Structure formats: structure tokens, C-alpha cells
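Proteins get letters first, then strands, A, B, ... in listed order; numbering begins at 1 in each. These numbers were taken from a predicted model, which means no experiment stands behind them.
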Amino acid sequence: MGKILEVKGLHVSFTTFGGEVQAVRGVSFDLYKGETLAIVGESGCGKSVTAKSIMGLIPNPPGKITDGKILFKGSNLAALKDKDLRKIRGADISMIFQDPMTALNPTLTIGTQLVEGIIQHQKISRSEAQKKALEMMRLVGIPSTESRLKQYPHQFSGGMRQRIVIALALVCEPEVMIADEPTTALDVTIQAQILDLFRDIQKKTGVSIILITHDLGVVAQVADRIAVMYAGKVVETGTRRDIFYKPQHPYTKGLLNSVPRLDLENAELIPIAGSPPDLFAPPPGCPFVARCQYAMEVCDKVYPLKTKYGKEHHVNCWLQDERAKQMLASQR
Amino acid sequence: MKKEILLEVKNLKKYFPLSKRTVLKAVDGVSFHIHKGETFGVVGESGCGKSTAGRTIIGLYEQTDGEVKFSGQNVHTLTKMEKFKLHQKMQMIFQDPYASLNPRSTVQEIISEPMEVHGLYANKLERLERVYQLLEDVGLNREHANRYPHEFSGGQRQRIGIARALALDPDFIIADEPISALDVSVQAQVVNLLKRLQKEKGLTYLFIAHDLSMVKQISDRIGVMYLGHLVEQTISKQLYKNPLHPYTKALLSAIPIPDPDIEDTRERIILEGDIPSPIEPPSGCVFRTRCPEAMEVCSQIKPNWQEIEQDHYVACHLYKKDDSDKNAPKVNFLAKS
């Protein structure tokens, strides 16, 4: 499996009246062809900002990619001009947003919105584009497609709208699809439909998916690999099995312990005490130190190095790293 | 030993008139009771009427039909004065901790207002003492009393909401999606807090949420709602082990479990379509339009609310208590342990 997208040391900051918020602080990960990579974390951990940076959707000002590379097919997306980025955005990399109510233009018919995307990126006639739009609607499972192309977003239910947003994202046959909390606004029975659709689409088109979510249940269901984010950093990456059965970072463990399990009886919920650090002035060491029950002296001072734990399993935690002692000594 | 019933809801209905001819049947004939000291969970998807039911029970909405009895008193026929007194015993925690606290009041003002309104405690100093104590009860500290809501995180704000609900020392609390606006790790904090308070103060909860796994965690008994109706109700272990109603089965199978091995081997029931509109609900059983096991009778007759086994109620034509009906499929129960 080849890499299709590489994010290397990404830093994103936002300038505000209160100072500079360092939302993403050195995020690196790879995306392989045809896989689903889930980025998991709580609100404010920088998962959405990471996704938006890949798409070049960080509003500047106030936001800015201050450092790092996003490599896609030989070009660095972080350094591209908006004009060049526009050719990639929607055609090679597309995005699905959380709220299907606001992601669609309420004043245009579904057909117009689908055709607009195709004509923008491909040199084909309007009638051909229309045919393609119909095909896409069928792919995402919208019945009686032809008449529905003439309808407006408000005539569809929430689940149907999310299907349309997915059709919009797929219409130019992208190689990478970024889904930012695609099922959070939906009910569970509808969520099951949409997750089913994702699997189906990936089988048919071979698209690589970056799934951003806070729901560990969804992750267990669809992800191949997982990156856990906390306070603007990736703290642990691994395959689905690595993360769920052999979690190494105390934050990953804490997260897994605080989710209620439908299938277990009387399992006590163990919450993580406290709350994430302020990203105006992030701590120099591990950001989880204040909430971590295993915190050591070194954790407070130096950010942990990436340690290889398994074939695909990496963790940034001093507990797993033999270099911890030297690091502490060099700090003194 | 017979448990004392604290709240009894009988055939509760709440319709909202939209125009002269159309009504929205948000809650359409819901019955259940809650024992003293237990937690009753109500689950359902958006638009199923669970929040409306909660708000009607506490009297934020006037009911259309039915009866709500709180320790023997009918809530909707009380005089103004009696109702006022009742609200000392019955309080509510709201979903959105950002919208439910007045941004212009300090935490101390927010928590002491109910006490002031009800004329509890002799003076401001005593009330302040009580505020301090409440803050400590919910895991905050007294230094927080003079701050404003915007200075707190979501989880902390929800704790303030809980402290306010506890200010009058109520017996019964309706918690309407108290954790759905919070992050997972914080959700667990708040749920554990609610559990601890229940143990310490002998509270009774009506816990309304859409997240069945969280509801199961906190509830003794659970009712499942769909389009204004309760479709199934039982003790929470039983609901997971032996769901009867096709909707409950689909709901359980739709909830992802954070365990890859289970997820890979699980059989899924994926419901088609969306929830119908509560303005024109389907005839007969409201679930029949999405039900994988719908029969002819489902479109004609509304299924009865029947007790299939002890403490397990269901409204579905698939189950008949009367064994003389040969067409009805046999009900398969797991052995009760």
C-alpha cells in the first residue's frame, strides 16, 4: 500500500485579541491508499483544524499554517497558492462537513449544486455532467433520483442531506475524502445507514478516507488505523486493534475507560479528571501531564519523543521511552 | 417489599396546534411510573417526544390529555400556590449548559435564586453558606461562587446547573439530555456525579437522552420512545439482553460498540428511511413504515401496551400475551437468572 497523503510537522495558529492560539502543534501522519484513517479527540484538540489545513480552508487572517508540510502527489499543499489549490480541492481531495443543514446552498437545487462541481473540474458538457450527477445520487442511495435533482435541500431529511453532501464530495472521483464528524448531527439509526454507505463507497471506488470523530464506537466500526489527538498533538497512532486492545498512552486509556459500553454490565465509568490545557500557553512538556496519574518529572519539562511500539503502533509518552532519564538529565 | 411510586404518568398526551386543522402530536399516550429512589431512562431519537414528555411532566407545558401524579397529587389540576410548592420537590437539569445559565449573573446568584424565590433560609448569609455547600457537593469549590458562567468549561457549567437544581433539596429531578453537549471524558464525570448525588441524597431521576449506552449506564429501568409513543419498557439489563420491539432491536444494533472484534462480527439491522412526520403519523403502529417485520395488521390496529413478562412492557403485534392466538409467533425469552 502506497502513501497518498503525508502530513509532516504541521503547525497551525490563530491570532486573536487574547494572543496566539496554537491549535495544531506539530501533527504528522500518513494516509495510505484505500484505507480509512480515523482522527479521534475531544473538542478543541485540533482535529478539525488539521483537516481544514489539508483542504486549505483555514481563513487567513486569523489562521495561519506556521510550519510543516502536507505532501500530496509530489506537491506541498501547505505552500500552494490558492489558485492551484482550487484545482485539487474538490477534484482530488474533497470534504464532508458535520452539519448537512448548512453544508448545502439552500437557494440552489441539488442538481445544480452537483453539476456545478463537475463542470468546474472536468471538461464535459452539461448534459454529460447531469448524467454523472444522477449516477452519483444512485450510488449514495437516493431513490427516484431524476425528480429529486430538481428539489431544494429543505425538501430532504437530515440523513438524505448527508447523502447528498457525500455525493457532492464524490462527484469528481477524488482520491482522498475527508469526513469531519459526518454522523454527529444524525440519529443513531441514520448514522448506521451512513456508515454502511461509507463502507460501500470505499469498496466501489477505493477512495482513501480521513474520518474525524469523537465517537470511539464509530471508529471501532469503520477505521483501519487511528490517530489519537490531544491539545494539538497526535499522541498515539496505530491500527484499530493496537488502539483498542493495546492502548499505550494514558489519555487513550482514559478515553476508552470513560465510554459507556452497551454490551457490558455494571462496568464502572472511569472519567479523566480535569480538563485540557489552554492552547494560548500550551505547556512545554506533555500536555496531558496535569490529568495523568502516571506523570513523572520529565513529563512536565520535555515533550515526549515518538516511540515505536508495534509495526504501525507509535506513541508519544515517556512511560514507553527509555530515553526519558537522559532527557531529564540534559534538562538540568 | 413493594416499592413506593413517586411519579405516575397515565396516558399523557401533548399536542401542539399548528394551524386550524393540523396538530403535531408530540406525545401521544405515554404511561409509566417511577419508584422512589430509582432512575428511569427515556431514550429515543430526535423528534420522538422525549423532551416534550419531560417538560409536560414538570408543567412547563400544559398537557392535552392524561394524568401526571407526583406523590399522589395530580400535577396539572393543582392551584397556583400548590404548584409553586410542588416545584420545591421537582426540579430540572437542561441540555445546553451554555444557554441555561444567565450570562449576567454570578454563580452564587444563579444558585441562590431558587432559594430566594421560595423564601428558604432566613438571610443572605445563610443562603450563601448553602451555595458554598452545594458547590462542594457538585465538585466545584467556594471560590467559584463569584464568577460568571463564561469563565467555566461545559462540564463545569453543567455542574452549576446541577447545583441549581439541588438548591431546593428536591426529591425528583428531570434531567433532559444533561450530557449530550459534553465531551466523552467529561460525560463520564457528570454521570458519575449524578450517581453519587443520587446515593447521598436519595434522589429520583427521570433521565432523558438519545444515547442508549449512557442511559443504560445510569438507569434502573428504561422506556424506549418512537414518534410520541412508548414502544417498549423494561429493566435496563433486560432491554439489552432481550429486546422485543423491532425498533429497540434496530436501535441497539445501530449503536456502535467501542470494540473492533465485536464490531466485525456483529449482525446489524439497518433501518430504511427516516422517522415519519408527527403531524401525519402512520395509521396503526407508528413504526410500521420502517419495521422489517411489519404485517398487515400493523397498519390497521394500534398495538396494545402489554406486559409480556414481569416488568417488561411492549407495544407490538408480534407479541401476544394470549397464547390461544396461533398466528402469533412464540416469544423467545432468555432464561431469567
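Of the residues considered (B/Ile269, B/Asp261, B/Ile275), B/Asp261 shows the highest number of contacts with chain A, using heavy-atom pairs under 4.5 Å. Note: B/Pro260 leads B/Ser253, B/Ala250, B/Pro260 in heavy-atom pairs under 4.5 Å with chain A. Each of B/Leu251, B/Asp183, B/Asp264 has some count of heavy-atom pairs under 4.5 Å with chain A, and the biggest count is that of B/Asp183. Options A/Thr189, A/Val188, A/Leu186, A/Ile270 differ in how many heavy-atom pairs under 4.5 Å they form with chain B, and the most are formed by A/Thr189. Among B/Val184, B/Asp259, B/Ile255, the residue making the largest number of heavy-atom pairs under 4.5 Å with chain A is B/Asp259. Of all the listed residues (A/Pro271, A/Gly274, A/Gly44, A/Gly141), the one sharing the greatest number of non-hydrogen pairs under 4.5 Å with chain B is A/Pro271. Interface check for chain A: of the options B/Arg268, B/His210, B/Arg290, the most heavy-atom pairs under 4.5 Å are formed by B/Arg268.
Counted within 6.0 Å of CD on A/Glu146, heavy atoms from surrounding residues, nucleotides or ligands total 12 or fewer; the atom is thus considered open. Other residues, nucleotides and ligands place more than 12 heavy atoms under 6.0 Å from the CD atom of A/Gln155. In this structure, A/Phe280 places its CZ atom where more than 12 heavy-atom neighbours from other residues, nucleotides or ligands lie under 6.0 Å away.
Within residues 219-238 of chain A, the residues having any heavy atom less than 4.5 Å from a heavy atom of chain B are, in residue-number order, A/Ala220, A/Gln221. At a heavy-atom cut-off of under 4.5 Å, chain A is reached by B/Ala188, B/Gln189, B/Val191, B/Asn192 from residues 187-198 of chain B, listed in order of number. Below 4.5 Å, heavy atoms of chain B meet heavy atoms from A/Leu255, A/Ser258, A/Val259, A/Pro260, A/Arg261, all part of residues 253-261 of chain A. Interface residues of residues 239-246 of chain A toward chain B, defined by a heavy-atom distance below 4.5 Å and sorted by number: A/Arg240, A/Arg241, A/Phe244, A/Tyr245.
Rounding to the nearest 0.5 Å places CD1 of A/Ile190 at 4.0 Å from CG of B/Asp274. Summarising the geometry, atom CG belonging to A/Leu264 is positioned 11.0 Å from atom OG belonging to B/Ser213; distances are rounded to the nearest 0.5 Å.
Within the 4.5 angstrom heavy-atom criterion, atoms from both the backbone and the side chain of A/Glu42 approach chain B. Heavy-atom distances place no part of A/Arg163 under 4.5 Å from chain B, backbone and side chain included.
Here the side chain of B/Lys216 pairs no donor or acceptor atom with the backbone of A/Asp263 at under 3.5 angstrom. Formation of a donor-acceptor pair under 3.5 Å by the A/Gln193 side chain with backbone atoms of B/Leu271 is found in this model. The closest donor-acceptor contact from the side chain of A/Asp187 to the backbone of B/Ser46 lies under 3.5 Å.
Across every non-hydrogen atom of B/Ser185 and A/Ile272, the tightest pair is CB-CD1, 3.8 Å.
When side chains are defined from C-beta on, A/Ser275 does not count as touching B/Gln156, because their heavy atoms never get closer than 4.5 Å.
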Working for side chain to side chain contact (heavy atoms under 4.5 Å, CB included), residues B/Met214 and A/Leu269: CA-CA 10 Å; B/Met214 208 40 116; A/Leu269 289 186; 3.9 Å; yes

